[in-house]
Amino acid sequence: MIERDLYAEKPGYKWLALAAALMAWGFDGVEQGVYALMTRAALKDLIPGGAIKEGDIGFYFSLSMAMWLWGAAVGGVWFGRMGDKYGRVRSLLFAVVTYSIFTGLSALSTHWWHLAAYRFLGALGLGGTWPLCVALVVETWPEKNRAVLAGAIGSAANVGYLIAATYSRFMLEQGATWRWVIGMGFFIGLISLPFIWFVPEPTKWKQSKAKHQKVPMSELFAPQYRRGVIVGSLLSTVALLGTWGSFLWLATYIDKIAEGTAQAGTAKAIVSQWQSIGQVTGGFLGGILAGWMGNKRSWCLLCVATWVSVMALFGLTTQFDFKVGVMAMIAGLFVTAYFGWLPKYLPELFPTHIRATGQGFAYNIGRVLTGLGVLGAGYLAQAFGGDYRRAAMTMASIYLVGLIVIYFAPDTGGKMRSDEGT
């Protein structure tokens, strides 16, 4: 009876909450995607000293990504904590405003460290959006819908990537500079605010808040949660480092191999459109696979398929052509499936009163470790003389490590923990 009453009290509430969460996380994907596409061009303009070696661009690019990841990690933990204390919705509003404002300011950068600083500050909101959106959705929809909804969340950011690739390609074809392309993210990011504003806080959160007035951060490391925190963090690291340390170097690699061709100005946006199609499908597939095959078996399948597809993408392409786009689409499908899988599994590790904090901490500790790995990828690119292919293929081995980590993952039975069970 409690479960039925929870969703019957406000007709249409769950759909409004879902729309707000998908838009907030989707436009988060726009910001992420436009940075992946435009950072190399921005660095060429912002690094002083004239001609820059390809390996140096790789180092600054990896430093910029690391700043984003570390900012997202801080924001994910902090906003997750705010979401548990003050509410999912009001914290989500603040997170979206944060990432929109600092994305806009990035377009005004006059030095590479300005760009890095704005990326860090904007990433506070970008990182905070994920745990808040996941908590909002899983606490307003019935349990039976959760695998599909996890897939929808996984796809949302990648719809954002597709939007970023599409409008970037159009603007670049019209002669726009990187400043205009990145600056557009400010206006796009704000679109979700009116939808979020009208969403009431989840009833589950209100009930939990009434029972747990103060929840210390140290509770995450209580014996009943400690294993979930550690393994959740490592699983997040596998997914994030595989994406940021390997796959997201593709735009930079395409930019390099397309130099001197007729499509040099738009090549990376073209390939990004292809990969985004795979990513949208893959994000949705991850949650569905976890619900259908079980958490552990689906994870193992993804690790093997992703490693093969990423190795093939970089190992079999040496020039810009149609084949690159198709292989990017296939690799994008598997790379992104983790981000439908994680919204399905991580909420199962923590009860309502620390869910946003717990999954935000696990996911974003993964970002901290990934930031270190991305810097390592930058040094690899330098060591390989600017050969992004070899650096990306080396970093892709993290997917094989994932086969070991999943062995230690808690068996949740596919169900979320309740406060009553703590």
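What you see is a predicted model; the values in this text were computed from it and never measured.
- Trp299 places a side-chain N or O within 3.5 Å of a backbone atom of Gly402 that can act as its donor or acceptor partner.
- Annotation: side chain of Phe314 is in contact with side chain of Leu250 (closest heavy-atom distance under 4.5 Å).
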inquiry  = Go through it in stages, so that I can follow the logic: the residues are Trp341 and Ser298, the test is side chain to side chain donor-acceptor pair (under 3.5 Å), and I'd like the CA-CA distance, side-chain angles, deciding distance and then a yes or no.
reply    = CA-CA 8 Å; Trp341 189 95; Ser298 58; 3.0 Å; yes

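- Atoms CD and CG, on Glu348 and Asp411 in that order, are 9.5 Å from each other to the nearest 0.5 Å.
- Side-chain contact between Thr98 and Phe79 is present, with heavy atoms from C-beta onward closer than 4.5 Å.
- Residues Ile354 and Tyr225 are in side-chain contact: their nearest non-hydrogen atoms beyond the backbone lie under 4.5 Å apart.
- Looking only at side-chain heavy atoms (C-beta outward), Leu400 and Cys303 stay at 4.5 Å or farther from each other.
- In this structure, Arg119 satisfies the cation-pi test against Tyr35, with its NZ or CZ atom closer than 6.0 Å to the six-membered ring centre and inside 45 degrees of the ring normal.
- Of the possible polar contacts, one joining the Thr281 side chain to the Ile277 backbone as a donor-acceptor pair under 3.5 Å is found.
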Ignoring hydrogens and angles, write down the donor-acceptor pairs under 3.5 Å from the side chains of residues 236-248, residues two or more places apart or on other chains.
from   : atom 1 : to     : atom 2 : distance (Å)
Ser236 : OG     : Gly232 : O      : 2.9
Thr237 : OG1    : Ser233 : O      : 2.8
Thr243 : OG1    : Ala239 : O      : 2.9
Ser246 : OG     : Ala392 : O      : 2.9

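- Aromatic ring centroids of Trp274 and Phe322 lie under 6.0 Å apart.
- Remark: the backbone N or O of Ile270 is not paired with any side-chain donor or acceptor of Arg169 at under 3.5 angstrom.
- Interatomic distance, Ile230 CD1 to Leu235 CG, rounded to the nearest 0.5 Å: 12.0 Å.
- Residues Asp28 and Val96 fail the side-chain proximity criterion, which asks for heavy atoms closer than 4.5 Å.
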ask   = Should Val89 and Leu136 be marked as a side chain to side chain contact (heavy atoms under 4.5 Å, CB included) after you check the CA-CA gap, both sets of side-chain angles, and the distance that decides it?
value = CA-CA 8 Å; Val89 176; Leu136 178 62; 4.2 Å; yes

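- By the 4.5 Å heavy-atom criterion applied to side chains, Val159 and Gln279 are not counted as neighbours.
- At distances below 3.5 Å, not a single donor-acceptor pair connects side-chain atoms of Lys344 with backbone N or O atoms of Gly291.
- Between Leu149 and the choices Val138, Leu22, Leu18, the side chain to side chain contact (heavy atoms under 4.5 Å, CB included) rule is met once, by Leu18.
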Result block: side-chain N/O donor-acceptor pairs under 3.5 angstrom for residues 184-199, not counting sequence neighbours:
none

request  = Let me see the working for Leu172 and Met38 under side chain to side chain contact (heavy atoms under 4.5 Å, CB included), right down to the final yes or no.
outcome  = CA-CA 10 Å; Leu172 291 170; Met38 294 290 106; 3.7 Å; yes

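- Put simply, the side chain of Thr166 does not reach to within 4.5 Å of the side chain of Ile163, judged on heavy atoms.
- Here the shortest heavy-atom pairing between Arg355 and Glu139 reads NH1-OE2, 3.3 Å.
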task = Could you go through the side chain to side chain contact (heavy atoms under 4.5 Å, CB included) check for Lys296 and Ile406 one step at a time?
result = CA-CA 6 Å; Lys296 292 192 175 184; Ile406 194 65; 4.0 Å; yes

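- A distance of 9.0 Å separates CZ of Phe94 from CG of Leu124, quoted to the nearest 0.5 Å.
- For the pair Gln275 and Met329, the minimum side-chain heavy-atom distance is 4.5 Å or more.
- The heavy-atom pair separating Tyr338 from Thr306 by the smallest distance is OH-OG1, 3.1 Å.
- A pairwise comparison of heavy atoms in Leu313 and Ala328 identifies CD1-N, 3.7 Å as the closest pair.
- Formation of a donor-acceptor pair under 3.5 Å by the Thr336 side chain with backbone atoms of Leu333 is not found in this model.
- Here the closest heavy-atom approach between residue Leu37 and residue Ala164 is recorded as CD1-O, 4.1 Å.
- Trp141 places a side-chain N or O within 3.5 Å of a backbone atom of Lys14 that can act as its donor or acceptor partner.
- Ring orientation note: the planes of Trp130 and Tyr363 are close to parallel, at an angle under 30° on the 30°/60° scale.
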request  = With side chain to side chain contact (heavy atoms under 4.5 Å, CB included) as the test, would you mind laying out the steps for Glu31 and Leu126 before giving the verdict?
outcome  = CA-CA 8 Å; Glu31 320 290 78; Leu126 289 164; 3.8 Å; yes

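- Taking 4.0 Å as the cut-off between side-chain N and carboxylate O, Arg88 and Glu201 do not count as a salt-bridged pair.
- For the atom pair OH (Tyr161) and CD (Gln32), the distance works out to 4.0 Å, reported to the nearest 0.5 Å.
- Proximity of a side-chain donor or acceptor of Ser155 to a complementary backbone N or O of Val280 within less than 3.5 Å is detected.
- For the pair Ser109 (side chain) and Ser106 (backbone), a donor-acceptor distance under 3.5 Å is present.
- Panel note: side chain Arg81, backbone Thr357; no donor-acceptor pair is recorded below 3.5 Å.
- Scanning both residues, Cys133 and Ile153, for their nearest heavy atoms gives O-CD1, 4.4 Å.
- The shortest heavy-atom contact between Tyr167 and Val181 is OH-O, 2.8 Å.
- The structure places CE of Met67 at 8.0 Å from CG of Leu121, a figure rounded to the nearest 0.5 Å.
- To the nearest 0.5 Å, the span separating OG1 on Thr39 from CG on Leu115 amounts to 6.0 Å.
- Side-chain atoms of Tyr345 do not come within 3.5 Å of backbone N or O of Ala290 as any donor-acceptor pair.
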